[in-house]
Protein chains: 2
Amino acid sequence: MATKTFRQPVVTVDAVLLTIEEDILKVLLHRRQQDPFAGRWALPGGFVHPDEDRDLPQTVSRILRDKAGLAGVYLEQLRTYAGPDRDPRGWSVSIAYLALVPRDALPEELDERTSLHPVSGLPDLPFDHGRQIADAAARLRGKGAYSSLPAAFLPESFTLPMLQRTYEIVLGEALDQSSFRRKIADLGFLEETGEKSKAASARPARLYRLTEPVRIFNRSLGGNQA
Amino acid sequence: MATKTFRQPVVTVDAVLLTIEEDILKVLLHRRQQDPFAGRWALPGGFVHPDEDRDLPQTVSRILRDKAGLAGVYLEQLRTYAGPDRDPRGWSVSIAYLALVPRDALPEELDERTSLHPVSGLPDLPFDHGRQIADAAARLRGKGAYSSLPAAFLPESFTLPMLQRTYEIVLGEALDQSSFRRKIADLGFLEETGEKSKAASARPARLYRLTEPVRIFNRSLGGNQA
DNA sequence: AAAATAGTGTCTGTTAGACATTATGGC
DNA sequence: GCCATAATGTCTAACAGACACTATTTT
């Protein structure tokens, strides 16, 4: 297929789906079935279907469902990438979405077209997908310090040690246990379920759940990249 | 012109250009020359011209130049608005940009097609422009507390009282003079020009300029909407 | 010298980080 | 009772906010 210039740019969406597996931040990649870049690993993405999609989150959900068998994820618009060079077919616009899921919201075994790849140490990716992932990780780090966003990586109920480990992975630094719990308690976006963790452990931890989807704080939980 | 559904969405950009005039945050509106909504006040916007524009910031610059006679502004992507209902012509995508300028970067007298309107108390605007402006103001407020962004409203050299007033307008609250200056000094993104303000005043203030375009802080300069 | 605005100093309560200590459940 | 992990308490240094004070220029 030859390079072609469109009178109006082509519009696609891309999904940067992040999850934590074995305490490592990973991104979902999908092997491209079609040109350009057929056979290469890339972000899942696709065209908007005006007849089918009510809005962009729905476009993204449809694509993630088709390519990764996935429901109910945290979804937020990341940013829009555009220009004449990012796609060999010509001037294009891609609206990127950031998706966060607990590992077990994905199929236990991914098919061969799909894989989770550590965010640090990615291979060269087609289009501007490398940059998109870098931007997504930066957004997660920045917003993670000031919100309950990292909890999107956890199942519905979780323990404080799990939550703290998740924040530490997101922020890339160790957090003090005492300070962490004080702030969590002050912010008050958790409630006890009354249950305790069933994981085999010396002392089972209490289980909590969120009282609201995402909370933005005014104080930081660490990660002030001084 | 009848309603029509496109096989691919139409792509436009919109510019939310903010400035401060008489200590009030204002947005630049432009009277629409064409349908839909001809004659109504709306954000300046337009189509991407793939043959002419290297990227979206250039599209926005072109539009601002044509509609508001403007050069060299702070530009940052705001977010993308899309869906079947926002434009009566059908499924559309608009990438909105936030532009910040000092008042005197605009023509002293604006033509009749163009006006600066206070951000609070806007009339009903077509498309989703009301929401775009609200989002832009929210972004400015949020980022303003943690960056030198408000300085984009000031000329190249300015005094500390001017800077503080600008932050107060952006954040919507009074700031303590002493704390403000302490933090500014600690952050160190200003340098003295050696000059003093020429404005008629009891005691002329020292003039400063930025040492870098925009700085993101890890501490806040106020505006923690507790 | 009085007025007005610019700029500095001091005090105090709050908060984050470091680290020590206590509690609880499995074996 | 011992071990491992969970949970809480205490001390200290840094910092923001409030407010008083000093400095400099115009009239």
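In the text below, chain A, chain B and the rest are named by the order of the sequence lines, each starting its count at 1. Keep in mind that what you see is a predicted model, and the values were worked out from it rather than measured.
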Margin query: Test of understanding: with ring-ring contact (aromatic ring centres under 6.0 Å, His included), list the residues that count as partners of B:Phe158, not counting sequence neighbours.
Written below: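 If we apply the ring-ring contact (aromatic ring centres under 6.0 Å, His included) test to B:Phe158, skipping adjacent residues, there are no hits.
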Margin query: Just to verify, what does B:Tyr74 make a ring-ring contact (aromatic ring centres under 6.0 Å, His included) with, not counting sequence neighbours?
Written below: none
Item checked: Global bending angle along the helix from C:dA1-D:dT27 to C:dC27-D:dG1, which compares the axes of five pairs at either end, to 10 degrees ->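 About 10°, once rounded to a multiple of 10°.
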Between [X] ([atom1]) and [N] ([atom2]), how many Å, whole number?
X	N	atom1	atom2	answer
A:Arg219	D:dC15	CZ	C1'	14 Å
B:Gln164	C:dT8	CD	P	13 Å
B:Asp186	C:dT8	CG	P	13 Å
A:Lys183	D:dA7	NZ	C1'	17 Å
A:Met162	D:dA6	CE	P	11 Å
B:Arg181	C:dG7	CZ	P	5 Å
B:Asn218	D:dC15	CG	C1'	13 Å
B:Ile184	C:dG7	CD1	P	13 Å

Next item on the list: Using salt bridge (charged side-chain N to carboxylate O under 4.0 Å, His left out) as the criterion, list what pairs up with A:Lys26, not counting sequence neighbours.
Entry: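 Testing A:Lys26 for salt bridge (charged side-chain N to carboxylate O under 4.0 Å, His left out), a comparison that skips the adjacent residues, returns A:Glu21.
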Item checked: Summary of salt bridge (Lys or Arg N to Asp or Glu O under 4.0 Å) pairs that have at least one residue in residues 202-217 of chain A, sequence neighbours excluded ->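 Those involving residues 202-217 of chain A are A:Glu191-A:Arg209, A:Glu192-A:Arg206, A:Glu212-A:Arg215.
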Check: Can you check whether A:Ile216 reaches A:Lys143 side chain to side chain, under 4.5 Å on heavy atoms?
Finding: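 A side-chain contact under 4.5 Å exists here.
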Next item on the list: Just jot down the side-chain contact (heavy atoms from CB on, under 4.5 Å) partners of A:Ser92, sequence neighbours excluded, or say none.
Entry: A:Arg86, A:Asp87
Notebook entry, point to check: Residues in side-chain hydrogen bond (donor to acceptor under 3.5 Å, both in side chains) with B:Asp111, at least two apart?
Noted result: B:Thr114
Item checked: Residue list, side-chain hydrogen bond (donor to acceptor under 3.5 Å, both in side chains) with B:Arg181, at least two apart or on another chain -> none
Check: Can you give one letter per nucleotide of nucleotides 18-27 of chain D, going 5' to 3': B for a protein heavy atom under 4.0 Å from the base, S for sugar-phosphate only, - for none?
Finding: BB---BBBS-
Notebook entry, point to check: Under 3.5 Å, side chain of B:Thr19 to main-chain N/O of B:Val101, donor-acceptor pair present?
Noted result: yes
Next item on the list: Have a look at B:Arg206 and say if it touches a base, only the backbone sugar-phosphate, or nothing, with a 4.0 Å heavy-atom cut-off.
Entry: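 Counting heavy atoms under 4.0 Å across all strands, the contact made by B:Arg206 is with sugar-phosphate only.
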